[in-house]
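Along the sequence shown, the residues carry numbers beginning at 1.
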Amino acid sequence: MKKIFFLASAVFFASWAVAEMVSADLKSEPNKIGLANLKSDPDSSVFSIIFAKPGIKYRLEPRLGESTYRVTFKEAAVNPVFEYKTFEDALVKTVNFHAREDGTVTVDIALKDVKTSIFRTLSKDGLTLSLRFIGKPELMAVKTENLTPEEMKIAEENTAKQIVESARLQTESGANDFKSAIADYMIGKFKPASEKFGAFIEKHPKSPFLEKAYYLRAESFYMTGRDKKSVGQAINAYKDAINLYPASESVSRGQLRLADMYLLAGMDVEAMSTYDALVRKMGGNKYIAQGLMGRSKIFMMNKLYYEASNELEKILLFFPKSPEVRDAKLNMGEALSLRGKYEDALRVYDSLNKRWPDYLKGDKAALYHYGRANLKAKRLEPALGLFSDLANIFPDSNEGRNALNDMADIYFAKGKTLEAVKLFGIQASSDPEGAAGLRARLKLASLGQLPGRVLSKTDEFLNNYSPYFNPMATYEDIITKHPNEAPVLEAMYQKAMMLYRQREYTHSLGVINDLATKYDAVTGSKQLLDLSMANLYAMVRSYHQQGGEYEAVSVFYNNFVPYFQKIKDEETLLDLADALRIFGLYSKALDKYAELAKLPVSAKNAARAAYGWGASYAALNMYDDSLASLKKFTKPFIKSEYASPALYVLGTVYERMDDDQRAIAVYKLVLSLDKKGDYALASAYRAGLIDKEFGKNDEAVQFFNAAIANFNPKTSEYEYLAKDSYYQAADCAFKAGRYEKAFKYAQIALDNNPSSPKANWAKFMMSDAQARLDRDEKATASFKVLAKEQSASPYKNAAVAIVGNAEWKEKNQRLFPY
């Protein structure tokens with residue numbers, strides 16, 4: 001009867017036992033496994049695990065059909081020694097400890113006898129978990145035969161009680177209801193499954209299966225919610241499961257599903273925070289890659305391509321074997337392409353195409369971005385092949401139609417004008433009012449501005465598509481029919497460009513004015529401003545040729561101001577004043593700044609106006625007025641974005657006023673504000689020149705060092721200052737007697753700017769420095785190199801003389817006994 005009791009217990013535990021000792025959440029370090037031991041007696045073995053503190057959270061899982069049990073511990077840390085320690089006795093074959101990536105610790109116990117039963121106990125102090133294995137059923141059967149009738153009766157009663165108790169526990173736990181819901185879920189009946197799981201939760205609030213029921217109900221809603229009918233139910237179900245069972249092994253999967261549902265419902269903020277909680281979870285989990293994928297989708301949707309590519313890169317770097325790698329590469333290529341990182345995008349797409357060629361060709365967006373990346377990287381043949389595939393596979397898609405236009409661009413770039421015009425013509429005639437068709441029409445119109453360079457008058461294509469080669473008619477048609485669509489901007493710009501080429505500058509400015517005042521999308525467009533300036537400069541040049549400065553200024557002022565006249569606000573007035581200042585009309589600029597001063601200028605524009613005003617006065621050598629504006633940047637406007645340029649101008653004003661000490665103080669202030677900018681570079685350079693002029697060579701070297709450190713030039717002017725700083729630093733170091741340092745600076749200067757007029761001087765100085773450092777052989781060798789320079793210079797001549805002197809001394813060593 002004992003045998004029956006043990007078998008009944010084994011069946012019960014193997015089928016339903018998912019025991020978990022629940023305690024308060026640990027808020028410090030994981031519970032450490034301190035000791036483990038295995039003891040055996042003739043009939044059983046006891047394996048004990050001792051923890052550092054109470055509150056053990058564990059789950060016991062029998063491996064059905066195998067002689068293995070797994071104990072999973074939550075919030076525990078395994079002693080590394082146990083990974084190398086072996087436990088074995090008559091019943092236990094092996095014991096292996098594993099620290100998992102999801103933050104759990106598992107202990108796999110392999111037994112020698114598949115029929116062995118297991119019982120577990122937890123010590124009263126909650127520190128020791130004991131697992132008792134009982135086997136050798138043949139010995140147990142022998143013992144049963146020796147029982148007295150009274151013992152036999154007691155054993156039978158106990159077995160009967162155990163069977164009754166087992167049945168009661170299964171009934172109270174709702175095992176049958178749970179199994180019914182599981183059965184529906186497993187065969188894909190998700191709606192009935194969700195209803196059964198909901199009923200189970202209501203009926204059995206204390207069941208050991210409640211945790212799984214909550215999560216599986218949410219999963220059921222998720223499976224039906226992907227068609228957007230049960231999205232809200234799925235979200236609420238996952239929130240309930242996660243809030244009630246935050247320590248569940250299913251919580252990571254639940255967070256992923258919840259974030260997906262949020263995303264499907266358009267709740268980007270909630271989705272992002274849930275993905276974030278998933279990927280940043282202590283210890284990690286197997287759903288991190290999918291969480292990163294979800295985050296990247298949100299970034300892509302919001303056009304944050306840099307952030308999206310960062311998330312995707314983490315997948316490729318940390319999860320190279322995950323199923324998400326394929327989609328990660330696909331999306332990474334698109335993100336990099338949209339960021340303009342075409343070479344990087346190509347490497348990703350090439351890798352993807354090599355491994356999954358069919359997958360790439362099945363995604364029209366990816367195929368298009370792959371082609372565009374090749375096109376931008378000047379890989380025309382691969383781009384042509386990809387666009388051809390796209391046009392054939394997805395001919396009616398926007399990507400397919402755009403691919404035809406891109407193919408035409410490639411043909412045109414390769415000099416195959418007929419093929420290009422044919423494709424543009426097909427597109428323009430088949431879809432004249434669609435986005436791709438309008439693009440094709442605009443391209444043909446731009447080519448039509450110079451038809452003689454495109455096609456000969458006898459070519460049949462010119463006759464077939466002659467309407468599209470009439471640029472002005474095309475622009476007017478698009479402007480008239482599509483005033484509220486994106487192509488109108490390009491049409492108006494091309495119209496203004498055509499008028500500029502025809503030297504109709506005033507008319508061109510009129511079109512630009514219409515474009516700028518009607519469409520907010522082009523406000524502040526540099527391309528548009530450049531075309532405006534080109535018209536104005538052309539007008540000025542034409543008036544200069546006829547003589548008379550007044551006419552040129554008048555034309556500029558009278559034609560440029562109307563460009564802004566329909567907008568009456570401080571931003572526009574500032575734009576106009578700044579443009580006049582940049583154009584060199586400082587008096588006119590001061591008039592506009594004065595006009596601006598009459599308005600209640602906002603705090604954000606006060607610094608900009610003060611800088612423009614001060615810079616205009618400085619350009620006119622009106623130093624006192626300039627100081628009145630620019631001094632504001634030493635205190636009230638010191639944190640403004642205009643502080644660095646304003647203070648730099650202030651420093652130059654002090655220099656012109658021969659107040660060198662104040663100039664250096666202001667330049668130092670620029671350095672403290674602008675660590676990597678042009679103005680910091682220029683300020684350090686000018687401060688170095690001042691100290692050099694007064695013989696403060698060590699201080700000058702420090703300033704030139706600062707200029708070198710700020711070598712991030714945006715214009716050729718500043719690039720020259722950065723490169724010249726090496727020469728200046730070498731000169732000052734040499735004059736200060738720092739010959740080793742002078743040698744190094746000169747070497748770097750030559751590496752960075754070998755064509756500098758100071759190159760021969762630097763070579764001579766390096767040789768001289770070597771001599772002063774008592775490196776005579778090296779000095780002589782370098783003087784010889786300089787002496788052989790092809791270009792004539794005083795330093796070459798000096799080197800020739802030094803080499804000749806050295807050779808004479810070498811031949812007449814007997815005259816120099818020392």
Minimum heavy-atom separation for [X] to [Y], with atom names?
| X | Y | value |
| --- | --- | --- |
| V231 | A265 | CG1-CB, 3.8 Å |
| L278 | Y287 | CD2-O, 3.7 Å |
| N374 | A383 | CB-CB, 3.6 Å |
| A328 | M293 | N-CE, 3.4 Å |

Are the side chains of [X] and [Y] in touch, meaning some heavy atoms are under 4.5 Å apart?
| X | Y | value |
| --- | --- | --- |
| M498 | Y475 | yes |
| Y275 | Y262 | no |
| V511 | Y493 | no |
| Q494 | E490 | yes |
| E270 | I235 | no |
| F319 | V325 | no |
| D268 | M301 | yes |

How many angstroms lie between atom [atom1] of [X] and atom [atom2] of [Y], to the nearest 0.5 angstrom?
| X | Y | atom1 | atom2 | result |
| --- | --- | --- | --- | --- |
| L386 | R372 | CG | CZ | 12.5 Å |
| S252 | Q255 | OG | CD | 5.5 Å |
| L380 | M407 | CG | CE | 12.5 Å |
| N310 | L292 | CG | CG | 11.0 Å |
| T106 | F97 | OG1 | CZ | 9.5 Å |
| F387 | I410 | CZ | CD1 | 5.5 Å |

Exercise. Run the numbers on N331 and M300 for side chain to side chain contact (heavy atoms under 4.5 Å, CB included), then give the verdict.
Key: CA-CA 9 Å; N331 295 344; M300 289 290 287; 5.5 Å; no
Self-check item: Worked check of side chain to side chain contact (heavy atoms under 4.5 Å, CB included) between F299 and M272
Solution: CA-CA 9 Å; F299 284 134; M272 180 60 81; 3.8 Å; yes
Self-check item: Qualifying ring pair (Phe, Tyr, Trp, His ring centres under 6.0 Å) pairs with a residue from residues 330-349, counting only residues at least two apart or across chains
Solution: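 Residue pairs with at least one partner in residues 330-349: Y349-Y370.
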Quiz item: Can you pull the salt bridge (Lys or Arg N to Asp or Glu O under 4.0 Å) pairs that have at least one residue in residues 295-323, sequence neighbours excluded?
Solution: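 Residue pairs passing salt bridge (Lys or Arg N to Asp or Glu O under 4.0 Å), neighbours aside: D276-R295, R295-E311, E311-K314.
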Quiz item: Do N705 and Y726 have side-chain N/O donor and acceptor atoms under 3.5 Å apart?
Solution: no
Quiz item: Okay, side chain of S725, backbone of L721: is any donor-acceptor separation there less than 3.5 Å?
Solution: yes
Which residues share a side chain to side chain donor-acceptor pair (under 3.5 Å) with [X], sequence neighbours left out:
| X | answer |
| --- | --- |
| R326 | none |
| S644 | none |
| S351 | K329 |

Exercise. Start with the C-alpha distance between R608 and E641, add both sets of side-chain angles, then the distance that settles salt bridge (charged side-chain N to carboxylate O under 4.0 Å, His left out), and finish with yes or no.
Key: CA-CA 8 Å; R608 178 182 171 189; E641 63 180 299; over 6 Å; no
Practice problem: Check step by step if side-chain hydrogen bond (donor to acceptor under 3.5 Å, both in side chains) holds for N752 and Y727. | Solution: CA-CA 10 Å; N752 279 280; Y727 286 103; over 6 Å; no
Exercise. In plain terms, say whether R339 and D344 are close enough for a salt bridge, that is, a side-chain N and a carboxylate O under 4.0 Å apart.
Key: no
Quiz item: Would you call the rings of Y648 and Y679 parallel, tilted or perpendicular if under 30° counts as parallel and over 60° as perpendicular?
Solution: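 Aromatic pair Y648/Y679 classed tilted.
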Practice problem: Go through the structure and list residues passing side chain to side chain contact (heavy atoms under 4.5 Å, CB included) with K364, not counting sequence neighbours. | Solution: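 For K364, the residues satisfying side chain to side chain contact (heavy atoms under 4.5 Å, CB included) (neighbours in sequence not counted) are L390, F394, S397, E399.
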